[in-house]
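The block underneath contains the structure these notes are about, expressed in structure tokens.
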Amino acid sequence: MASFALKTPISSVYLHLPFCFHKCHYCDFYSVVDTPNTTQPSNTDRQPAFTDALIAEVRRRAAQADIQPVTIFAGGGTPTYLRPDLWAKLLDCLREVGWLAGQSAGGTGILPVGAPSTFEFTVEANPETVTAELMQQLALGGVNRVSIGAQSFDTTSLKQLERWHDPDSVPRAVEHCRAAGITNLSLDLIFAIPGQTLAMLERDLDALLALTPTHLSTYGLTYEPNTPLTAKLRVGQVKQIDEDLEREMFELVLNKVEAAGFEHYEVSNWARREVNSEQSTVNSKDKTAHCSRFTVHRTKCAHNLAYWHNHDWLGLGPSAASHIQGHRWRNAPNLMRYIQDAPAPPIADHEHLPPAQRLGERIMLGLRLSEGLDADWLLNHPDLRDHQREAIDEAATLGFLEQTDGRIRLTRKGLFVADSVIAQVL
């Protein structure tokens with residue numbers, strides 16, 4: 001951790017689990033293809049050594065700082081590609097250091113009635129790697145939210161993305177989660193895929209909504225630098241869809257998902273307006289427990305809201321980024337160095353942002369939220385520059401921003417050009 005005194009507890013923790021069984025062609029997150037072996041040691045099975053290194057980093061950080069997580073988010077990579085027995089070791093460690101708020105004595109992972117309803121532990125999942133055994137392990141270990149990367153239910157679109165999963169594995173993954181008692185489920189969908197039509201997208205949305213998730217993330221496909229998909233685009237192997245069609249697709253998403261009872265709270269994210277508490281039975285090898293399982297009534301992703309509100313968070317694992325008191329850094333994106341240097345992995349890209357840049361980040365992140373930014377705070381901020389005020393006024397004149405109820409926010413018209421509007425204000 002950077003050499004500065006912490007003034008407040010850290011309430012959000014990100015865990016980066018880098019393993020994948022295949023690298024999707026659109027993905028630019030740090031990941032490594034691995035071949036776990038449950039019977040014999042293998043040079044291509046780095047999961048046990050990684051898990052030990054991550055546990056060592058967790059213990060080191062827990063001893064250094066006051067970490068009281070309200071949210072934990074395990075991303076990747078494919079976190080559900082980590083073996084259940086290794087997940088058990090990691091969850092045991094998180095419980096031992098006191099990071100699983102509200103856990104009952106005995107470590108069943110079942111929260112008692114009256115436990116804090118704000119604790120959120122999310123694990124990202126590829127539907128092809130979701131098994132009943134793993135979901136049982138995660139649920140018993142304290143995980144109460146799963147984010148499943150559906151991306152599309154069309155085999156042609158999945159092939160364009162080099163996304164290796166069968167569309168039928170998505171409802172199966174949802175069933176496994178719910179059977180284990182994890183009912184707070186988010187599903188991801190990508191649109192504007194090469195070759196995709198409005199009719200194809202509508203079928204994807206119908207399939208997604210039929211699974212009745214509590215949360216949706218809908219992303220227009222982006223061509224990130226240094227990805228295989230962008231390389232294909234450059235040499236003409238794929239064709240980016242027309243901007244007008246992409247706008248129609250976004251309009252379809254807005255209309256259809258809102259009509260299904262979801263609140264559009266961030267440019268790419270939706271939360272179901274109401275969730276009912278449920279009773280669930282959780283089976284383990286030697287006992288059956290029946291009691292109220294933790295259910296998030298606020299279905300927005302609390303962890304991502306910590307990012308968008310520019311709060312502090314600590315990242316653990318190779319390439320994981322941290323943001324604490326204006327300091328930003330990340331662990332070096334190198335699995336072997338992460339393992340070899342445990343429990344103190346090498347740090348990359350450390351910076352302490354100056355006030356003007358910190359304000360820019362607040363604007364960039366805050367305008368993505370439907371709640372926008374406090375108008376008085378922003379317009380009277382000492383670091384707001386004249387050109388930024390002019391850009392805000394111009395965007396309002398063009399109908400891209402509005403000032404209502406003391407907030408400055410994107411209009412519906414502004415949603416379609418959100419990145420451009422934000423870039424102009426910055």
Set of residues satisfying salt bridge (Lys or Arg N to Asp or Glu O under 4.0 Å) with respect to Asp349, sequence neighbours excluded: Arg330
Pair listing, salt bridge (charged side-chain N to carboxylate O under 4.0 Å, His left out) test, anchored in residues 180-201, at least two apart: none
Could you pull out all donor-acceptor pairs under 3.5 Å where a side-chain atom in residues 387-395 meets a protein atom, sequence neighbours excluded?
residue : atom : partner : partner atom : Å
Gln388  : OE1  : Arg385  : N            : 2.9
Arg389  : NH1  : Leu379  : O            : 2.5
Arg389  : NH2  : Leu379  : O            : 3.0

Residues in ring pair (Phe, Tyr, Trp, His ring centres under 6.0 Å) contact with Phe262, at least two apart in sequence or another chain: none
Summary of salt bridge (charged side-chain N to carboxylate O under 4.0 Å, His left out) pairs that have at least one residue in residues 195-221, sequence neighbours excluded: Glu202-Lys256, Asp206-Lys256
Counterpart residues, side chain to side chain donor-acceptor pair (under 3.5 Å), relative to Asn269 (two or more places apart): Ser217, Glu266
Please output the side-chain donor-acceptor pairs of residues 168-177 that fall under 3.5 Å, not counting sequence neighbours, one pair per line with the distance.
residue : atom : partner : partner atom : Å
Ser169  : OG   : Glu128  : OE1          : 3.3
Ser169  : OG   : Asp166  : O            : 2.6

Set of residues satisfying salt bridge (Lys or Arg N to Asp or Glu O under 4.0 Å) with respect to Glu361, sequence neighbours excluded: Arg328
Partners passing ring pair (Phe, Tyr, Trp, His ring centres under 6.0 Å) against Trp87 (at least two apart in sequence or in another chain): none
Sequence neighbours excluded - ring pair (Phe, Tyr, Trp, His ring centres under 6.0 Å) pairs with any residue from residues 183-220: His215-Tyr265
Side chain to side chain donor-acceptor pair (under 3.5 Å) against Glu371, all qualifying residues, sequence neighbours excluded: His309
Summary of ring pair (Phe, Tyr, Trp, His ring centres under 6.0 Å) pairs that have at least one residue in residues 395-426, sequence neighbours excluded: Phe250-Phe416
